[in-house]
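Only one structure is covered here, and it is reproduced in the block below.
Each chain gets a letter, A, B and so on, in the order the sequences are listed, and its residues count up from 1.
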Amino acid sequence: GQLTIGFSQIGSESGWRAAETSVSKQEAAKRQVNLKIADAQQKQENQIKAIRSFIAQNVDAIFLAPVVSTGWDSVLKEAKEAKIPVVLLDRDIDPSGKELYLTAVTSDSVHEGAVAGDWLAKTVGEKACNIVELQGTVGASVAANRKKGFDTAVAKHPNLKVVRSQTGDFTRAKGKEVMESFIKAEGGGKNICAVYAHNDDMMVGAIQAMKEAGLKPGKEILTVSIDAVPDIFKAMAAGEANATVELTPNMAGPALDAIAAFKDKGTVPPKWIQTESKLYTAADDPQKIYDSKKGLGY
Amino acid sequence: MKGLPPVLITAIVLVAGFVLCALQFPNIASTRVVGNLLTDNAFLGIVATGMTFVIISGGIDLSVGSVIGFTTVFVALAIERWGVPPLVAFVAILALSAAFGAAMGAVIHVLDLPPFIVTLAGMFLARGASFLLSTESVPITAPVYSTVSDFALRMPGGGRLTAIAIIMLVIVIGGALLLHLTRFGANVYALGGSRATASLMGVAVGKMTIKIYMLSSLLAGIAGIVFSFYTSAGYSLSAVGVELDSIAAVVIGGTLLTGGQGSVIGTFLGVLIQGMIQTYINFDGTLSSWWTKIATGVLLFAFIALQQGLVALARRPVAKSAGAAS
Amino acid sequence: MENSLDPALPLLEVRGISKSFGAVRALQEVDFTLRAGEIHALLGENGAGKSTLIKVVTGVFPRDAGIVRLGGEEVAPRSAKATLQAGIATVYQEVNLLPNLSVAQNLFLDRQPMRFGIVREGEMRRRAKALLADFGLDIDVAAPLGNYSVAIQHVTAIARAVDLSARVLILDEPTASLDRHEVEILFRIMRQLAKRGIGIVFVSHFLDQVYEISDRITVLRNGRLVGERETASLPRLELIRMMLGRELAETTSARAATREHQAREVCASFENYGKAGYVAPFHLELRHGEVVGLAGLLGSGRTETARLVFGAERADRGQAKVEGAPVRLHSPRDGVRHGFGYCPEERKTDGIVAELSVRENIVLALQAKRGLHRPLSRREQDEIARRYVKMLDIRPPDPERPVGLLSGGNQQKVLLARWLATSPRLLVLDEPTRGIDVGAHAEIIRLIRDLCDDGLSLLVISSELDEIVTYSDRVVVLRDRAHIEELAGEAIDVGNILAAIAADGAAVALEAHT
Amino acid sequence: MTALLPRRGLAQILALIVILAVDRVVSPQFFDLRLQDGRLFGSLIDVLNRGTPVALLSLGMVLVIATRGIDLSVGAVMAICGAIAASLADSHGLPVVLAAALGAGLLCGLWNGFLVAVLGMQPIVATLILMVAGRGIAQLITEGRIVTFSSPDLVWLGNGSVLGLPVPVVIALGMLILTGAVVRGSALGLLIEATGGNARASELAGVGTRAMILSVYVWCGVCAALAGVIAAADIMGADANNAGLWLELDAILAVVIGGTSLFGGRFSLVLAVLGALIIQTMNTGILLSGYPPEFNLLVKAVVVLAVLLLQSPKFSGLAGIAARLRRTKA
Ligand SMILES: Nc1ncnc2c1ncn2[C@@H]1O[C@H](COP(=O)(O)OP(=O)(O)OP(=O)(O)O)[C@@H](O)[C@H]1O
Ligand SMILES: Nc1ncnc2c1ncn2[C@@H]1O[C@H](COP(=O)(O)OP(=O)(O)OP(=O)(O)O)[C@@H](O)[C@H]1O
Ligand SMILES: [Mg+2]
Ligand SMILES: [Mg+2]
């Protein structure tokens, strides 16, 4: 019969997350799966509650986009006892729980940071470059990982230096505000050679700040950020942004396929289905990508 | 309805809500869901108990969510990184959080500053301190943790009464006894009636204030430990916004935010009402993020309005003709 | 203990106490001596510093200078708790109990009978009942204190203090909201305590009571000690002169010359007016230039009548008319709109806005009446405030002072000013002279008469039957929340009122309605 | 000016000066100002500009708090109205956009006021309802996306400048003057203070306390709406998920720093706005300092406590005693 799958989604804290939710729905509809989405409003306790209630409803499988990497052992054990397979989406959990889930469909956020860092190093070449960094929310694992990956990549090049790093909470408004003060603190922006933002939303804000300060982002100041949301392509098309690393919103598709195979034929998927962290630059026809992404619910 | 105490009305509202939910989703009417309700809201029940004391005394404590967050991080680091035995870590963090609460109480009393702001600063402080300890989430692998989180009394029908649910029930009952049967409890109400008057009547207002905030922070610390059992981890961003949830629970439970009136049992019912709203939304499972929020708001409104309406009805004076007129 | 039984030795000795609040010097080098076993009246005009002296002694206010000795030993209590422990119990002027707690908890707060760390609720209630029984009160002690009338609250406060007083009992205007019956009970108990060697400080503006109960009198004026006398050897006029620093212009105790009862126009009338469970339906006609007194025991429904008349409570039957035209009185706003005014009896909770200045408190009702869009300019406000501060002799005469910092009697005057400023046609006064000193009392009664001569209609509630008799043209007597009799003209005298109240032997109205 | 700025503003001004001085220390170019493309450019301008949303919120909040209430929903209302403005911006003219957004804010305020004044709910829970549901409504409007727009009129509201000053700052200033004129020019101020000081007594004095309470919540809603429109205009998009998130706490903090008691009564508009500026000066300083973001909250906590300490009556009492002691010794 028709599969019923419970999806414990983090919330809708960003456009990317909204897109992930809507793509998941589309993918489920495509496969005629009944997808029950519980929105946790960014709280782990709500996710645990949601999983418990999925178990109480005896769903066929549970998708979990964990808000944090730890703390899932006991609830996932309950799911295992109830013989409900669990698939992690978008983020991994702590290694101690490996046997508790079927597979994880995620990207590697350390790798994302590294891709961004490598691109920057390659683009800058040998000349000295002061980088300012817009971090994600303090304490968020994605932020820490994207920082780590970027730092590692940049550390290989002594000419690259992160001179300022402050949190922009993953939002446009904060990204703009923080960038404004970076510009003031770095001699009106003259000392800044590149901006690295943990997500595109902050970068869009930062681009505005640079423009208002009379700087030319994309030309005088390089930009690289992560997520590949439509608006960054718009900026790229206008020559105001340089690069973004894609985090695909379609995590549910591969997950649904894995579950279907598992249920039908008992095929055990690999433990990690890694999504691609693709780099986009102005060379990739940003306008076209923008048009194709616009309808995805970002 | 006449003469019913507000707590009973809240209970009636809760039961009525439960029945309605169960009619729509029969699965809800199981001991499993009831067990989950207690387990999932254990930490909330514990902080809300402390919050009840604070609010009845006329104050407010916005720092509890951050104290929970700090506690989880501290406990996790102590056990996993610093090699401290879990029990020692618990004692240390409880002492620390009690001292933190006492300090806030002292500032409130000595400098005569509004509790809202002092505890808001406390909220920033505790959250900031947990960032300093660790911004990553730290898993806890100590054996106690799996023992405790695996422990559960089986209820008929497959429900589990977990250890943390039991801790919460014990604290709620203990809190109710403390509030309603002891001199300390009477003084809490006295403070809520009027600090100045209570002081004139011989209540040691300063000491009481310190003790009350100490109790709240202590319970937040316990809630933090419970939260760390719940998730087997310490994380600096855990329990964000719990202060508002617990204030809402306290107020739904019939406690006046202006102080002087309320009960721990009412708060417990308030916690369950909130938990039930969430369970209902989870069972429904068709709601998008925004409809979840809207539905939460609407149900919150419905419960409060219903409860207030019933209380008002119960309070209505008996319509008997007055005195000599007959 | 033997010492304190010797009446010659001072039990409580206050020397050279000074206290200032900013620029206001509330007390200047005041001496006061209380002997064991005596009842000592502390007298003075409103704002003389009586309450301040008491609060300095009990450690509520820190003192600027001076010493306090209790039983020969110097004491410097820094908290109310310490004072209580030293054996000094106090009833402060504003009832200082907690309305949200039960009567029993109020009586035994912080000293409840305990067993194993748990309050023995039953025992506490039993003791509370016994304690209140001494004051002739039989109420449900488990109910919140706030459910009861001011009078019952006041008696509870007194009972608590009496029970607490080991050596000294201080009563700041305890009788202001009591009627004769309770006052008698209180006096009996005070005498018993005095006999046991307890020293009692008694503050009151009722000179009759002072002469009835006190052994000695200390008078303060403008924060200074005027003198200390034996009550028996101090003539009343001399006492008044000590208090006011001048002669009292006219004597007020005689019944005013009966005013000609010509048929004046009806200002407001209430037909079959009432509310179920509140006050039984009544007929009441208020004429221009006429004073109608409401008399009755505590809880007889006087305040309730007043609230209905003003519109603070909504009647569920009957018809109100103003100048002959039917009107709707559903809220205080309606009352104000029709030119009514109402001075409530609970000044602290229902009357003043403590934080706002005297000026703002005075113009509040007038401004509310004029509406938002016609604000009184600052100049007009100052003008009004100054006029009434002068007219009612509000002290200190600073319109910008927060009203909460004024003495009790002066707050009462501010409330009166608030309504006079609206030039009302009907003024409802619930215990208007409560806590007001003799001088001001005379002033206010004179004012009431003047206002009536100008056509104002007055409905006055007072527990002072003498006072009611003095100025009323008619007196409505209430019992058990119903109007039972109306006296007019020569029939108005204290004896007749008492007779009406006591008819059918229903004298004990204090018994709880709960 | 002296009428608007009572003597008790001294502590706040002192606090602002101290924080400005600290900012100057952590960032030497803090006071630099230059003119660029016809607008002033510098950290001070940033403080004013970024402080605008909280300043606007605090203008409404201070009135609500003066009546002994509190409004937790302002952040959500910001999100709703920003979302409405953004979704209409490219299809309608500015007047329509503004009318719709401010109208929505007014409705939100009316709802809060209805719950508090008519149904008698406790303000904190009454507004908690809209705080929760309101963000949902905002997300419903944008469907969780960031709705961008390019209408130059609306963008100008966020990024334009008048006489060198950013438009938002001018709007906030205008609102301060308008609110001041309405509140102090009519009897509203007095009646609100009376209602907050003692609602029972005010009711008995004939004050329409319900109408007072209703109107302050409405005004608070309108102020929040304006803040929301400006926040959206600033980033040329409506971010329903994050717009105004937790700003209610900042607004309350601003009001309290501005010396208005949470127990109602006396209030000061100017000082509430000053409170908002104090908070923003601190925030900007944190951003300029270059400390790792893990420290942000700790710094904030310490500064808040220090500012409150400065204002505490007990503290000034202590300071006074200390001064007297010193004098007697000398
Ligand atoms: N807390 C305070 N702050 C400032 N001034 C005060 C305070 N309490 C009293 N005062 C002032 O001290 C003076 C004495 O007041 P007090 O209350 O002692 O008078 P009182 O003799 O008790 O008068 P009453 O008969 O009206 O009760 C008054 O001028 C009053 O305004
Ligand atoms: N025994 C009682 N139990 C509960 N409430 C009471 C009781 N007695 C009075 N009240 C309430 O207290 C308030 C004041 O009533 P109160 O008895 O003082 O009326 P009153 O006749 O005006 O008395 P007085 O004017 O002599 O003080 C009223 O709201 C009344 O309902
Ligand atoms: Mg006095
Ligand atoms: Mg009365």
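In this structure, chain A has a heavy atom under 4.5 Å from the backbone of Tyr291(D), while its side chain stays farther away. Heavy atoms closer than 4.5 Å to chain A are found nowhere in Thr142(D), neither backbone nor side chain. Looking at Lys176(A), the atoms closer than 4.5 Å to chain D (heavy atoms on both sides) all sit in the side chain, from C-beta outward. Looking at Ala19(A), there are no atoms closer than 4.5 Å to chain D (heavy atoms on both sides), in backbone or side chain. When heavy atoms are compared at a cutoff of 4.5 Å, Asp239(D) approaches chain A solely by way of its side chain, counted from C-beta outward. Only the side chain of Asp231(A) comes within contact range of chain D, judged by heavy atoms closer than 4.5 Å. Residue contact with chain D, scored on non-hydrogen atoms closer than 4.5 Å, involves the backbone of Ser14(A) exclusively. Of the atoms belonging to Val138(A), it is side-chain heavy atoms, and not backbone ones, that fall under 4.5 Å from chain D. With a 4.5 Å cut-off on non-hydrogen atoms, Asp32(D) does not touch chain A at all. Only the side chain of Arg164(A) comes within less than 4.5 Å of a heavy atom in chain D; its backbone stays farther off. Heavy atoms of Ser43(D) lying under 4.5 Å from chain A belong to its backbone as well as its side chain. Heavy atoms closer than 4.5 Å to chain D are found in both the backbone and the side chain of Glu212(A). Only the backbone of Ser165(A) comes within contact range of chain D, with heavy atoms under 4.5 Å apart. With a 4.5 angstrom heavy-atom cutoff, Glu143(D) touches chain A only via backbone atoms.
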Please determine whether side chain to side chain donor-acceptor pair (under 3.5 Å) holds for the pair Thr244(A) and Glu246(A), giving the CA-CA distance in whole Å, both sets of side-chain angles, and the decisive distance to 0.1 Å. CA-CA 6 Å; Thr244(A) 183; Glu246(A) 185 180 44; over 6 Å; no

Met175(D)/Cys223(D) under side-chain contact (heavy atoms from CB on, under 4.5 Å): CA gap, chis, key distance, verdict: CA-CA 8 Å; Met175(D) 281 297 279; Cys223(D) 288; 3.9 Å; yes

When you look at Lys174(A) and Thr137(A), which way does the side-chain contact (heavy atoms from CB on, under 4.5 Å) test go after all the steps? CA-CA 11 Å; Lys174(A) 282 284 282 179; Thr137(A) 309; over 6 Å; no

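Proximity of a side-chain donor or acceptor of Asp90(D) to a complementary backbone N or O of Ser150(D) within less than 3.5 Å is detected.
Residues Glu177(A) and Gln280(D) have side chains that bring a donor and an acceptor to within less than 3.5 angstrom of each other. Counting only N and O atoms by type, the side chains of Asn145(A) and Ser109(A) include a donor and acceptor under 3.5 Å apart. Under 3.5 Å, the side chains of Asn296(D) and Gln166(A) contain a donor-acceptor pair of N or O atoms.
Chain D forms the most heavy-atom pairs under 4.5 Å with one residue out of Pro230(A), Ala213(A), Gly175(A), Ala173(A), and that residue is Ala213(A). Highest contact tally toward chain A, considering only Gln139(D), Met236(D), Arg50(D), Gln29(D), is held by Arg50(D) [criterion: heavy-atom pairs under 4.5 Å]. For the set Thr284(D), Asp37(D), Asn159(D), the entry with the most heavy-atom pairs within less than 4.5 Å of chain A is Asn159(D).
In this structure, CD1 in Ile137(D) is found 6.0 Å from CG in Leu130(D), a value given to the nearest 0.5 Å.
Proximity of Val74(D) to Cys220(D): side-chain heavy atoms (C-beta onward) are separated by under 4.5 Å at one or more points.
A cation-pi arrangement, defined by a distance under 6.0 Å to the six-membered ring centre and an angle within 45 degrees of its axis, is absent between Lys288(A) and Phe233(A).
Other residues, nucleotides and ligands contribute at most 12 non-hydrogen atoms within 6.0 Å of the CG atom of Leu163(D).
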